[in-house]
Protein chains: 2
Amino acid sequence: MLTQTVVRSAALRFGPPSRMVPVMPRAEARPAFGASDRAGSLDRTMRLMGTVISYPRGAEVFGEEEPADYIYKVVSGGVRTYKILGDGRRQIGAFHLPGDIFGLESGDKHRLSSETMADTRVLVVKRSALNAVAGRDASIAQELLALTSRQLEHMQRRILLLVKSARERVATFLVEMSERSPQSNTVELPMSRQDIADYLGLTIETVSRTLSYLQCSAMIEVPTSRRIVLRDRPALDHMNG
Amino acid sequence: MLTQTVVRSAALRFGPPSRMVPVMPRAEARPAFGASDRAGSLDRTMRLMGTVISYPRGAEVFGEEEPADYIYKVVSGGVRTYKILGDGRRQIGAFHLPGDIFGLESGDKHRLSSETMADTRVLVVKRSALNAVAGRDASIAQELLALTSRQLEHMQRRILLLVKSARERVATFLVEMSERSPQSNTVELPMSRQDIADYLGLTIETVSRTLSYLQCSAMIEVPTSRRIVLRDRPALDHMNG
DNA sequence: CGATGCGTTGATAACTTTCAAATTTAGTGG
DNA sequence: CCACTAAATTTGAAAGTTATCAACGCATCG
């Protein structure tokens, strides 16, 4: 009962950051968590108060249990948050794309670790500074609250996702990604199959097979392993609920 | 692929509230979400400002999408929050026992419905009134924030739970319930097998079989279907991580 | 009693994982 | 630029897990 791939997990999955990969070309994806970009004062404030830091692919931005002193916004590239489970498996909390704000824990410690999925630039803002501004500027406080609220909603959807079948999970994931994508029907995946599997609570093999199935069923096309074209959105939507 | 039990779901699972059942005897369980009871100002404030309302078993406290104008605290009995999925399945969000505060949505609409699992008394407080007090009394605001934070953590644990095997889910559920129980090793379940199944994303048959398995393995005893004695806590804990 | 709802158990089918191998892709060095 | 190596992805076959369908037991209630 899940004695499973501790070796595979530890040895293969979390090896040293491998070779470089071109930074994702996606310009400004619609964020899942971040304030929408045209929006507002929060974005401006963060740009004013923050510093942009560049990380190579596979770098750790923050670790689990570290004090949550900063708030982050992806400028370019991509970040995944994750947690290593007792049995060596990895559960991914979220994928953060350009425009997304992350590291917004309600406590004072990070509950997840985070690392880059590609060469990534991140805007870093001191939490205390942002809180100070929020104390003075209600619209900032409101935006921060809205962010937290959106995260809660996302977790709620996530819970609903995890009780569904593999096909539904993968289909939902693709639709979700496409909604964050600039081109509505083509999804450029910044993450590996292993990342997707750990996000959906499946194995890479099941993810791969499911994608093959969706392709055979003409719901999607997979021109390259990291690019997926949604061919039959209604059918994919239908697998959600 | 989950064409499944729409009939069973709709017809059997959500019929009219069935016969009465003695209100749970559990006096004051340790709450999972609520402020701890010995605590504080929030509890006092709610008691001062609130009204106690009694519901029969199976009554709806609030419905999905309804405006979230009130905050609730279970006085006696028990409440489940849930959502009906597109395919007729039901996902349970949480079980609230005496002392627990619920209905604390971050938005202005409820994202889940809620109904009583037994005859239940609930303390109801107008959200606007509580917010007004929170504006003046920082300790109240803090307690409310802590509540939200705890809910986020709970959802996080929930996500971790849902990627595990049936045995792990049930074991984790029992441990979680026992930690909220006044008697440390005996758990009085206020909910049906169907409730547990919908909470864990399993079927009633799997829940039942898993409980039988845990009993055969001498990890638990099941004197009556609603009462479970944890016999081997270390073994049960070990199934978590 | 006989009906009804809930929980348990059994047999089978469907789904997902595991283990293994083939295939493709990406990076490296000549 | 091409061949070579390592990594990622896909595919296959078998095993394991969970759901489904069906039957049964056991209370409660009229």
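Quick note: numbers below take in every heavy atom, side chains included, and nothing from hydrogens, waters or symmetry partners. Residue numbers begin at 1 in each chain, while the letters A, B, ... track the order of the sequences.
A/Leu202 comes within 4.0 angstrom of sugar-phosphate atoms only, judged by non-hydrogen atoms across all strands, and of no base. When heavy atoms are screened at a 4.0 angstrom cut-off, A/Ser192 is found touching the sugar-phosphate backbone but no base atom. Within 4.0 Å (heavy atoms only), B/Ser225 reaches sugar-phosphate atoms of the nucleic acid but no base atom. Contact annotation for A/Arg226: backbone-only contact, meaning every heavy-atom pair under 4.0 Å involves sugar-phosphate atoms and none involves a base.
In this structure, of D/dT18, D/dA22, C/dT16, it is D/dT18 that holds the atom nearest to the side chain of B/Ser165. With D/dT11, D/dT20, D/dT18 as the candidates, the nucleotide lying closest to the side chain of B/Ala166 is D/dT18. With C/dT17, C/dC19, D/dT18 as the choices, the nucleotide that has an atom nearest any side-chain atom of A/Thr203 turns out to be C/dT17. Picking from C/dT8, D/dT9, D/dT20 the nucleotide with the shortest atom distance to the side chain of B/Ser212 gives C/dT8.
Atom CD1 in B/Ile204 sits about 16 Å away from atom P in D/dT18, given to the nearest Å. Rounded to a whole Å, the CZ atom of B/Arg193 is 14 Å from the C1' atom of C/dG5. Atom CD of B/Glu205 is separated from atom P of D/dA22 by 12 Å (rounded to the nearest Å).
Applying the ring-ring contact (aromatic ring centres under 6.0 Å, His included) test to residues at least two apart or on different chains, none of the pairs has a partner in residues 222-241 of chain A.
Proximity of A/Arg209 to the phosphate of D/dG12: no side-chain N or O atom is located under 4.0 Å from OP1 or OP2. Not one side-chain nitrogen or oxygen of B/Ser208 sits closer than 4.0 Å to the OP1 or OP2 atom of C/dG7.
Along DNA chain C, the nucleotide closest to A/Arg169 and the one closest to A/Pro223 are compared, and the more 5′ of them pairs with A/Arg169.
Salt-bridge formation is detected for the pair B/Arg80/B/Asp195: a Lys NZ or Arg NE/NH1/NH2 atom is positioned less than 4.0 Å from an Asp or Glu carboxylate oxygen.
Using a 4.5 Å heavy-atom threshold, the side chains of A/Glu60 and A/Glu66 count as touching.
Between the side chain of A/Arg169 and the main chain of A/Lys164, a donor-acceptor pair closer than 3.5 Å is present.
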